[in-house]
Structure formats: structure tokens, C-alpha cells
Protein chains: 2
Amino acid sequence: MDKGLPQPGLCNCLAIRKAARHVTQYYDSHLAPTGLRTTQFSILARLKRLGPRTINELAADLVLDRTTLGRNLGPLERDGLVAVGVDPRDRRSRVLDVTEAGAERLTEARRRWTDAQRGFDEAFGGPQAAALRQTLAVLVNTDLGAAEPPGQ
Amino acid sequence: MDKGLPQPGLCNCLAIRKAARHVTQYYDSHLAPTGLRTTQFSILARLKRLGPRTINELAADLVLDRTTLGRNLGPLERDGLVAVGVDPRDRRSRVLDVTEAGAERLTEARRRWTDAQRGFDEAFGGPQAAALRQTLAVLVNTDLGAAEPPGQ
DNA sequence: GGATAATAGGTGCATATACGCCTAATGCAA
DNA sequence: TTGCATTAGGCGTATATGCACCTATTATCC
């Protein structure tokens with residue numbers, strides 16, 4: 001009877017990806033009126049909080065691949081929400097900063113985000129949500145390593 | 001002192017998305033030798049377990065948008081791992097099924113997946129992982145609703 | 001049975017994600 | 001100071017994700 005086959009619900013990766021899609025669609029529906037996606041909101045919010053940062057620094061904070069963040073900056077820079085400059089102390093680096101327009105957009109988006117958070121807490125439970133965030137924070141800081149190359 | 005500004009780590013959406021990226025990269029590194037991404041592996045594994053299903057049915061199971069699954073089928077169909085046919089009882093529907101080549105690829109990928117699961121449990125803790133999966137299953141089945149339209 | 005509503009997917013568009021390879025700039029050592 | 005390793009990003013490519021809008025097909029109601 002399917003001995004050895006993985007049972008539904010046993011895959012850590014599928015479990016978290018399904019949940020991420022579920023939650024993302026919910027937050028996106030709240031943020032939609034602002035014209036920001038959740039990823040864009042995250043970038044703006046973290047950058048605003050951290051202050052000017054390089055691509056590598058911000059990418060690490062967001063657990064984003066460096067090149068992914070680089071591309072995600074495209075729409076934000078195009079719309080004048082994030083400024084990208086060259087670090088004078090290291091001209092290899094790009095310094096990112098939230099523009100005034102970006103800050104205004106962020107303020108508006110934070111209102112929607114607060115609504116989403118409240119709705120989430122009501123549906124899922126505030127304490128459960130806090131516990132889940134804590135667990136996920138531990139997970140993100142857990143070094144899972146990578147697959148060993150198939151060397152002999 | 002930043003009163004009212006969301007503190008880092010308070011956003012449910014960012015927390016789960018960061019964790020999803022972290023875990024996805026880990027599982028992808030294990031599955032890479034098979035030529036399958038985690039999403040493709042999920043599709044094959046679920047379809048194999050559920051048996052032939054329509055796009056809508058499989059998409060709901062995977063918490064994927066219908067159109068997203070439709071596009072994700074492209075590479076799988078191109079590589080002959082999934083067969084897409086028309087349901088004779090309802091010619092609007094497409095019936096998906098794992099091909100023989102798909103089943104073989106899946107068997108190979110399951111070995112890598114098992115390694116990844118073992119590594120995950122070792123690093124994060126087996127009981128903690130099981131508890132997290134359970135929590136995420138509850139979350140996925142929690143109706144978060146959607147933002148109310150800005151009606152009058 | 002024919003008009004109409006509802007459903008299953010497809011397509012255009014835009015963003016999200018990351019690997020591999022490349023160039024530019026910096027750091028370091030002989 | 002020059003030569004090489006290291007580091008910061010960019011770019012090509014491919015897949016992932018979902019909304020708005022569209023067609024085809026089926027169900028329903030008079």
C-alpha cells in the first residue's frame with residue numbers, strides 16, 4: 001500500500017510554499033489599491049527602516065537572492081520610489097534609498113497592511129500568528145546547508 | 001521613536017515568504033540533479049498520488065492559481081513528464097496525468113527529496129518540523145477572506 | 001429548444017525568483 | 001606596482017506567480 005511513498009502533508013517545502021501562496025494572495029488583495037505588491041512593500045518597508053543599504057545587504061536581510069533584488073528594484077526605481085546610487089567609498093556597490101515619493105507610498109500602504117494584519121490575527125489568532133512568526137524566524141536562521149555534490 | 005511603525009518581524013506575510021525562499025533554495029539544491037524544481041516536483045508528486053485530475057482540481061490542491069498551474073505545465077508537458085488530454089465527459093476540462101517518463105523521474109526525485117527531508121529534520125528538528133507543517137496546514141485551511149472593496 | 005448564466009481554460013501582461021556567467025572595482029601580497 | 005584573488009552587481013535564460021480579459025463548452029431556466 002504505497003509503502004515508502006511520501007504521504008500528503010509530509011513535505012516541509014510544499015507545506016510552506018502553499019502557505020506562502022495563500023498568505024501572499026491575501027496581503028496582495030489588501031495592498032492592491034496602493035499599486036504595490038507584497039514584495040515591493042517589503043523592500044520599501046525594510047529599506048526605510050534600515051536606512052540606505054547596498055543591494056547585498058538588503059538582499060540578505062530579505063532572504064532574497066542578490067540578483068532577484070536587483071531585478072525587483074526595476075519597477076520601484078522606474079516609479080521613483082527607490083533611488084539607486086553608487087557608493088562613493090566603493091564604486092562597485094549600489095546604495096539604495098527610499099525617495100520621498102516612496103515614503104509617501106509606504107505610508108499609504110502601511111494603512112492597508114495594518115488592516116491585513118488585523119484580519120489575519122482575527123482569522124488565524126493573534127497568539128498563534130506570533131508563535132508562527134517566531135518559529136519561522138528560527139527556521140530562517142537555521143542553516144540547512146545544501147545538497148552535497150555527488151562526489152565519489 | 002518610530003511610534004506606530006511596524007517592528008521588524010511582525011509581518012506575517014514577510015515572515016512566511018522569507019522562510020519559503022529559504023526552504024525552497026534548500027530543496028532546489030537537492031532536486032537540481034534531477035532537473036526538477038520544487039514546484040515541478042510538487043506537481044508530479046501530487047498528481048501521481050491523486051491520480052488523473054483536471055487543472056482546476058490540482059490547482060486547488062496545491063493552492064496555486066489556475067493559470068499558474070496551466071503555465072507550469074508547459075515545461076512538464078514539453079519534457080514528456082505530464083500528459084494533458086481533453087476530458088471526454090466535459091470538453092472544457094483538461095485531464096492531467098503523469099506519464100511513464102514522469103513516474104521514472106519522480107522516483108529518482110523522491111530519493112533526493114528524502115535526503116532533503118532528513119537534512120531538514122536534522123537541522124530544524126523532526127518534531128518541530130511536524131508541528132510547523134501542522135500549523136501551516138491549519139493556516140492554508142483558514143479563510144483569510146480578501147480586502148473589502150472600498151465601497152461607499 | 002433557445003437565450004442566458006456559469007464554468008474550464010487560454011492569453012497578454014507584469015512582476016518574482018534564482019542560477020551561471022560576465023565585467024568592474026577593490027584588496028592583498030610579492 | 002603589478003598580479004591575482006575577492007567582491008559587488010549586471011545580464012541572459014528559464015521558470016514561477018497571478019490578475020484581467022477572452023473563448024469554448026456546459027448547465028439552466030423559461
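Basis for what follows: all heavy atoms, side chains included, without hydrogens, waters or symmetry-related copies. As the structure is a computational prediction, the values presented were derived from the model and not from experiment. Order of the sequence lines fixes the chain letters, A, B, ..., with proteins taken first and strands second; residue numbering starts at 1 for each chain.
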Output every pair passing salt bridge (Lys or Arg N to Asp or Glu O under 4.0 Å) with a member in [range], not counting sequence neighbours, ordered by first then second residue.
range                       : value
residues 115-133 of chain A : A:Asp115-A:Arg118
residues 80-102 of chain A  : A:Asp87-A:Arg89, A:Asp90-A:Arg92
residues 12-27 of chain A   : none

Problem set entry | Phosphate contact (D:dT25 OP1 or OP2) by B:Ser93 side-chain N/O below 4.0 Å |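 For D:dT25, OP1/OP2 do not have a side-chain N/O of B:Ser93 under 4.0 Å.
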
Exercise. D:dT26 phosphate, OP1 or OP2: any side-chain N/O from B:Arg91 under 4.0 angstrom?
Worked result: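 For D:dT26, OP1 or OP2 has a side-chain N or O of B:Arg91 closer than 4.0 Å.
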
Rounded distance (Å) that lies between atom [atom2] of [N] and atom [atom1] of [X]:
X       : N      : atom1 : atom2 : value
A:Ile43 : C:dT17 : CD1   : C1'   : 12 Å
B:His30 : C:dA18 : NE2   : P     : 17 Å
A:Leu14 : D:dT17 : CG    : C1'   : 15 Å

Is there a residue in [range] whose heavy atoms reach under 4.0 Å of DNA chain D, and which residues are they?
range                      : result
residues 17-28 of chain B  : none
residues 95-108 of chain B : none
residues 50-75 of chain B  : B:Leu64, B:Asp65, B:Thr67, B:Thr68, B:Arg71, B:Asn72, B:Pro75

Exercise. Between the side-chain atoms of B:Arg37 and the base atoms of D:dT15, is any donor-acceptor pair under 3.5 Å?
Worked result: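 No, no donor-acceptor pair under 3.5 Å.
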
Exercise. Taking only residues two or more places apart in sequence or in another chain, which ones pass side chain to side chain donor-acceptor pair (under 3.5 Å) with A:Thr54?
Worked result: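 For A:Thr54, the residues satisfying side chain to side chain donor-acceptor pair (under 3.5 Å) (neighbours in sequence not counted) are A:Glu57.
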
Exercise. Do side-chain atoms of B:His22 reach the backbone of A:Leu136 as a donor and acceptor pair under 3.5 angstrom?
Worked result: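 No; judged by distance alone, with no hydrogens or angles, the pair does not exist.
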
Problem set entry | ILVMFWY cluster membership beyond A:Val63 - transitive side-chain contacts under 4.5 angstrom |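 Traced through the cluster, A:Val63 reaches A:Val140.
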
Exercise. Transitive ILVMFWY cluster of B:Val95 at side-chain heavy atoms under 4.5 Å: who else is in it?
Worked result: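 The other cluster members (ILVMFWY side chains, heavy atoms under 4.5 Å, direct or chained): none.
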
Exercise. Does anything in residues 117-146 of chain B pair up under ring pair (Phe, Tyr, Trp, His ring centres under 6.0 Å), and if so which pairs, sequence neighbours excluded?
Worked result: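 Matches after skipping sequence neighbours: B:Phe120-B:Phe124.
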
For this session: Identify which nucleotide among C:dT26, D:dT15, D:dT25 has an atom closest to any side-chain atom of B:Asp90, counting heavy atoms from C-beta outward.
Result: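 Nucleotide nearest to B:Asp90's side chain: D:dT25.
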
Exercise. What nucleotide, of D:dT17, C:dG10, C:dT7, holds the atom closest to the side chain of B:Arg94?
Worked result: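 The nucleotide sitting nearest to the side chain is C:dG10.
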
Exercise. Which residues pass the salt bridge (Lys or Arg N to Asp or Glu O under 4.0 Å) test with A:Arg111, sequence neighbours left out?
Worked result: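 Applying salt bridge (Lys or Arg N to Asp or Glu O under 4.0 Å) to A:Arg111 gives A:Glu108.
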
Exercise. According to the side-chain hydrogen bond (donor to acceptor under 3.5 Å, both in side chains) rule, which pairs have a member within residues 73-86 of chain B, sequence neighbours left out?
Worked result: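 Those involving residues 73-86 of chain B do not exist here.
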
Exercise. Which residue lies toward the 5' end of DNA chain C, A:Pro88 or A:Thr38, if each is placed at its nearest nucleotide?
Worked result: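 Upstream on the strand: A:Thr38.
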
Exercise. Is the ring centre of A:Tyr26 less than 6.0 Å from the ring centre of A:His30?
Worked result: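 Centroid separation for A:Tyr26 and A:His30: below 6.0 Å.
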
For this session: May I ask you to say what B:Arg78 touches in the nucleic acid, namely base, sugar-phosphate or nothing, with a heavy-atom cut-off under 4.0 Å?
Result: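 Sugar-phosphate contact only.
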
